A.B. asks: 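Structure incoming, see below.
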Amino acid sequence: QVQLVESGGGLVQAGDSLRLSCAASGRTFSTYFVGWFRQAPGKEREFVATISRSGVTYYAASVKGRFTIFRDNVKSTVYLHMNTLKPEDTAIYSCAVSSMAGTRADQYGYWGQGTQVTVSS
């Protein structure tokens with residue numbers, strides 16, 4: 001079992017940067033794919049980014065070029081660095097782990113509680 005705790009959310013202005021962290025417990029963290037998802041009010045949860053065990057990354061088109069996902073397996077932590085934030089990036093951001101590569105939420109078995117990111121215009 002893996003427990004995930006996100007942190008780093010907050011209120012920022014459009015154009016600002018923010019770094020989210022996803023800290024995991026469990027010895028097997030390095031074997032998992034890790035994904036970031038977000039859910040805005042009244043909208044469905046959407047895929048943001050994912051990173052493989054070896055560091056291969058994949059991004060949603062809406063964030064590619066602005067967001068960077070990276071991991072530190074020694075610290076059992078995955079980060080999401082977000083640049084040039086837009087009001088439409090406002091959402092609750094959650095990290096999750098999976099034993100397979102994927103962009104669907106149902107492919108991820110363990111989830112954190114989420115952290116709120118609010119971008120004002």
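On a predicted model such as this, the values are computed, not experimentally measured, just so you know. In this chain, numbering begins with 1 at the start of the sequence shown.
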A.B. asks: Looking at Ser120 and Val12, would you say the former's side chain and the latter's main chain have a donor-acceptor pair under 3.5 Å?
C.D. replies: yes
A.B. asks: Should the ring pair Phe37 and Phe47 be called parallel, tilted or perpendicular, given that the plane angle runs from 0 to 90° and is split at 30 and 60?
C.D. replies: perpendicular
A.B. asks: Could you see if Leu4 belongs to whatever hydrophobic cluster contains Trp111? Use Ile, Leu, Val, Met, Phe, Trp, Tyr and a side-chain cutoff under 4.5 Å.
C.D. replies: no
A.B. asks: Test of understanding: clusters of I, L, V, M, F, W, Y form through side-chain heavy atoms closer than 4.5 Å, transitively. Do Tyr58 and Met82 belong to the same one?
C.D. replies: no
A.B. asks: Nearest 0.5 Å please: distance from the OG atom of Ser99 over to the OH atom of Tyr110.
C.D. replies: 10.0 Å
A.B. asks: Between Ser98 and Gln107 (side chain of the first, backbone of the second, donor and acceptor by atom type, cut-off under 3.5 Å), is there such a pair?
C.D. replies: yes
A.B. asks: Measure from NZ or CZ of Arg71 to the centre of the six-membered ring of Tyr32, then state whether that distance is under 6.0 Å and the direction lies within 45° of the axis.
C.D. replies: no
A.B. asks: Using the test ring pair (Phe, Tyr, Trp, His ring centres under 6.0 Å), find all partners of Tyr59 that sit at least two apart in sequence or belong to another chain.
C.D. replies: none
A.B. asks: Measuring from atom CD of Gln39 to atom CD of Gln116, what distance do you get when rounded to the nearest 0.5 angstrom?
C.D. replies: 11.0 Å
A.B. asks: Does Val117 reach the side chain of Asp89, with side-chain heavy atoms less than 4.5 Å apart?
C.D. replies: no
A.B. asks: Drop me the distance from Cys95's SG to Ile51's CD1, to the nearest 0.5 angstrom.
C.D. replies: 12.5 Å
A.B. asks: Count I, L, V, M, F, W, Y as connected when their side-chain heavy atoms are under 4.5 Å apart, and connections chain through other members. Are Val78 and Val97 then in the same cluster?
C.D. replies: yes
A.B. asks: Going only through I, L, V, M, F, W and Y residues with side-chain contacts under 4.5 Å, is there a path from Val48 to Leu18?
C.D. replies: yes
A.B. asks: List in chain and number order the residues that pass ring pair (Phe, Tyr, Trp, His ring centres under 6.0 Å) with Phe70, two or more places apart in sequence or in another chain; answer none if no residue qualifies.
C.D. replies: Tyr79
A.B. asks: With rounding to the nearest 0.5 angstrom, report the CZ to OG distance, Phe67 to Ser17.
C.D. replies: 9.5 Å
A.B. asks: Please report the interatomic distance CD(Gln113) to CD(Gln3), rounded to the nearest 0.5 Å.
C.D. replies: 11.0 Å
A.B. asks: Are Leu80 and Val63 joined in one hydrophobic group, where the rule is that I, L, V, M, F, W and Y side chains link up if heavy atoms are under 4.5 Å apart?
C.D. replies: yes
A.B. asks: Could you tell me if the side chain of Glu6 sits less than 4.5 Å from the side chain of Leu20, heavy atoms only?
C.D. replies: no
A.B. asks: Taking Arg53 for the side chain and Ser30 for the main chain, is one N or O donor matched with an acceptor at less than 3.5 Å?
C.D. replies: no
A.B. asks: If you define the side chain from C-beta out and look only at heavy atoms, does anything of Val119 sit under 4.5 Å from Glu88?
C.D. replies: no
A.B. asks: Between Tyr108 and Ser94, is any side-chain donor less than 3.5 angstrom from a side-chain acceptor?
C.D. replies: no
A.B. asks: Rounded to the nearest 0.5 Å, how far apart are OG1 of Thr90 and CZ of Arg38?
C.D. replies: 9.0 Å
